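Input: a single structure, listed below in structure tokens.
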Amino acid sequence: MSADTPATTYGRYLLIDDLLSLQQPRSTGPEHDETLFIIIHQVYELWFKELLHEFDRVTQLLEADESHRSQHTLKRILTILKVMVSQLDILETMTPLEFLSFRERLDAASGFQSDQFRQIEFLLGVKSEHTMQRFSTGSRARAALERRYHAPTLWDAFLHYLSRERYDVPAAHLARDVIAPVEPSPEIQQILVDVYRRDPKNAELCERLVDLDEGIQEWRYRHVKMVERTIGTRRGTGGSSGAEYLRETVGRPLFPDLWVIRGQL
Ligand code: HEM
């Protein structure tokens with residue numbers, strides 16, 4: 001360390017002064033609960049960032065046929081997801097009236113506009129051009145979403161991996177349009193049944209993908225319940241019908257084949 005370079009400290013390394021200056025309530029007072037509301041959303045955005053970082057790693061590891069290490073990373077993702085779901089408990093300590101005390105200051109702001117959440121959806125195969133176009137051209141968010149929109153999904157990486165593991169994945173699936181939603185396929189289901197019956201290593205990997213699918217659905221379910229108890233049937237600040245819209249997103253599997261085969265094993 002040279003004489004004019006300050007020593008690394010906790011505060012300098014983590015940019016704590018910057019971090020602590022980022023919570024800026026809009027309500028006058030400000031209303032007590034707005035601090036929690038801001039912090040919890042910022043924490044979620046940080047977790048989204050970390051999840052994207054880890055998902056990119058899972059894809060790279062699958063591409064390198066490193067199944068064991070990809071499962072290890074998936075395990076980390078699943079652990080983060082559990083923490084993310086349980087964090088909703090904290091927000092549920094906020095009563096409807098406490099939320100209403102500052103809600104009007106949010107204008108149109110809503111998690112609906114989280115580009116990182118949409119990036120996660122895109123990489124998991126839930127892609128929408130309309131959603132992407134809501135982000136302004138040239139912005140960081142739009143560039144990130146465009147990249148993920150055109151990139152293969154995690155399911156695509158998995159099918160290619162299975163093919164290299166000598167499973168007879170039909171060429172049409174390997175060359176599928178990566179923008180299109182993942183549809184159930186009897187041919188893939190047959191392969192997966194085979195994996196479960198004969199191939200414990202890859203059956204484990206399938207189980208982690210089911211955990212992931214369930215974990216995302218769990219977050220959606222808990223989020224909509226929190227929304228129902230906090231704003232009831234009111235419309236969302238993001239402009240949707242609110243809980244009614246969110247209920248439609250719950251229970252849709254990311255990897256339908258992995259669910260269908262449960263009845264065939
Ligand atoms: C009091 C707390 C909350 C309420 C009342 C609430 C309400 C809503 C509503 C009504 C929507 C539907 C879109 C719209 O705004 O019209 C929505 C979407 C969303 N919210 Fe929340 N939310 C809350 C907390 C959170 C938190 C802490 C997060 C974490 C980042 C979050 C993330 C999201 C996401 C990602 C969506 C889009 C979901 C989708 O389109 O499938 N929300 N929220």
Side-chain angles (χ1 to χ4, degrees), residues 22-27 30-53 55 77 80-135 141-142 144-145 148-149 153 181-182 212-254:
L22 297 176
Q23 294 71 44
Q24 297 174 4
R26 295 284 184 97
S27 57
E31 289 295 341
H32 180 82
D33 284 43
E34 194 177 355
T35 302
L36 168 68
F37 190 76
I38 292 172
I39 289 179
I40 203 147
H41 280 84
Q42 289 181 339
V43 168
Y44 268 108
E45 286 296 329
L46 289 174
W47 281 132
F48 290 158
K49 182 173 182 175
E50 173 64 13
L51 283 186
L52 288 163
H53 184 58
F55 274 125
I77 288 174
I80 295 171
L81 256 178
K82 290 260 173 247
V83 169
M84 286 172 57
V85 170
S86 67
Q87 273 178 198
L88 288 171
D89 290 346
I90 308 174
L91 212 42
E92 284 185 342
T93 64
M94 182 175 69
T95 67
L97 287 179
E98 283 165 342
F99 182 48
L100 285 175
S101 71
F102 62 88
R103 187 183 190 225
E104 64 182 31
R105 308 307 299 262
L106 303 179
D107 295 329
S110 163
F112 199 55
Q113 296 156 344
S114 165
D115 72 277
Q116 292 202 105
F117 181 79
R118 300 301 174 203
Q119 287 189 56
I120 293 171
E121 285 191 321
F122 281 18
L123 74 85
L124 293 174
V126 184
K127 296 183 181 181
S128 150
E129 192 170 6
H130 178 68
T131 298
M132 187 167 64
Q133 283 167 350
R134 282 205 293 262
F135 294 85
R142 178 66 176 263
L145 281 166
R148 298 214 182 258
Y149 186 74
T153 68
V182 174
L212 172 62
D213 200 332
E214 196 175 334
I216 298 282
Q217 291 185 49
E218 197 182 349
W219 188 86
R220 289 192 195 276
Y221 173 78
R222 284 294 316 276
H223 173 262
V224 72
K225 284 291 151 198
M226 181 196 63
V227 171
E228 281 172 359
R229 66 186 280 173
T230 311
I231 60 167
T233 53
R234 284 187 169 87
R235 294 186 67 79
T237 47
S240 80
S241 58
E244 187 186 310
Y245 154 74
L246 291 167
R247 272 194 297 271
E248 286 165 19
T249 67
V250 180
R252 281 193 206 147
L254 297 168

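Bear in mind that the values here come from a model prediction, so they are computed numbers and not experimental data. Quick note: numbers below take in every heavy atom, side chains included, and nothing from hydrogens, waters or symmetry partners. Counting starts at 1 for both ligands and their atoms, following the listed order.
- The shortest heavy-atom contact between Phe102 and Ser27 is CB-CB, 3.9 Å.
- Proximity of the aromatic rings of Tyr44 and Phe117 is defined here by a centroid distance below 6.0 angstrom, and this criterion is not met.
- A 4.5 Å side-chain heavy-atom check between Leu100 and Arg234 finds at least one atom pair inside the cut-off.
- A salt bridge does not link Lys225 with Glu92: none of the charged nitrogens is closer than 4.0 Å to a carboxylate oxygen.
- Sorted by first and then second residue, the side chain to side chain donor-acceptor pair (under 3.5 Å) pairs with a member in residues 105-120 read Glu45-Ser114, Glu45-Gln116, Asp115-Gln119, Asp115-Arg140, Arg118-Glu121, Gln119-Arg148; sequence neighbours excluded.
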Would you tabulate the polar-atom pairs, meaning N/O of ligand 1 against N/O of the protein, with distances under 3.5 Å, reported to 0.1 Å?
from: ligand 1; atom 1: 15 (O); to: Ser110; atom 2: OG; distance (Å): 2.7
from: ligand 1; atom 1: 15 (O); to: Gly238; atom 2: N; distance (Å): 2.8
from: ligand 1; atom 1: 16 (O); to: Gly238; atom 2: N; distance (Å): 3.4
from: ligand 1; atom 1: 16 (O); to: Gly239; atom 2: N; distance (Å): 3.3
from: ligand 1; atom 1: 16 (O); to: Ser240; atom 2: N; distance (Å): 2.9
from: ligand 1; atom 1: 16 (O); to: Ser240; atom 2: OG; distance (Å): 2.7
from: ligand 1; atom 1: 20 (N); to: His223; atom 2: NE2; distance (Å): 2.9
from: ligand 1; atom 1: 22 (N); to: His223; atom 2: NE2; distance (Å): 3.1
from: ligand 1; atom 1: 40 (O); to: Arg118; atom 2: NH1; distance (Å): 3.2
from: ligand 1; atom 1: 40 (O); to: Arg118; atom 2: NH2; distance (Å): 2.8
from: ligand 1; atom 1: 40 (O); to: Tyr245; atom 2: OH; distance (Å): 2.4
from: ligand 1; atom 1: 41 (O); to: Arg220; atom 2: NH1; distance (Å): 3.1
from: ligand 1; atom 1: 42 (N); to: His223; atom 2: NE2; distance (Å): 2.9
from: ligand 1; atom 1: 43 (N); to: His223; atom 2: NE2; distance (Å): 3.1

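- Salt-bridge check for Arg26 with Glu34: failed, with every basic side-chain N at 4.0 Å or more from each acidic carboxylate O.
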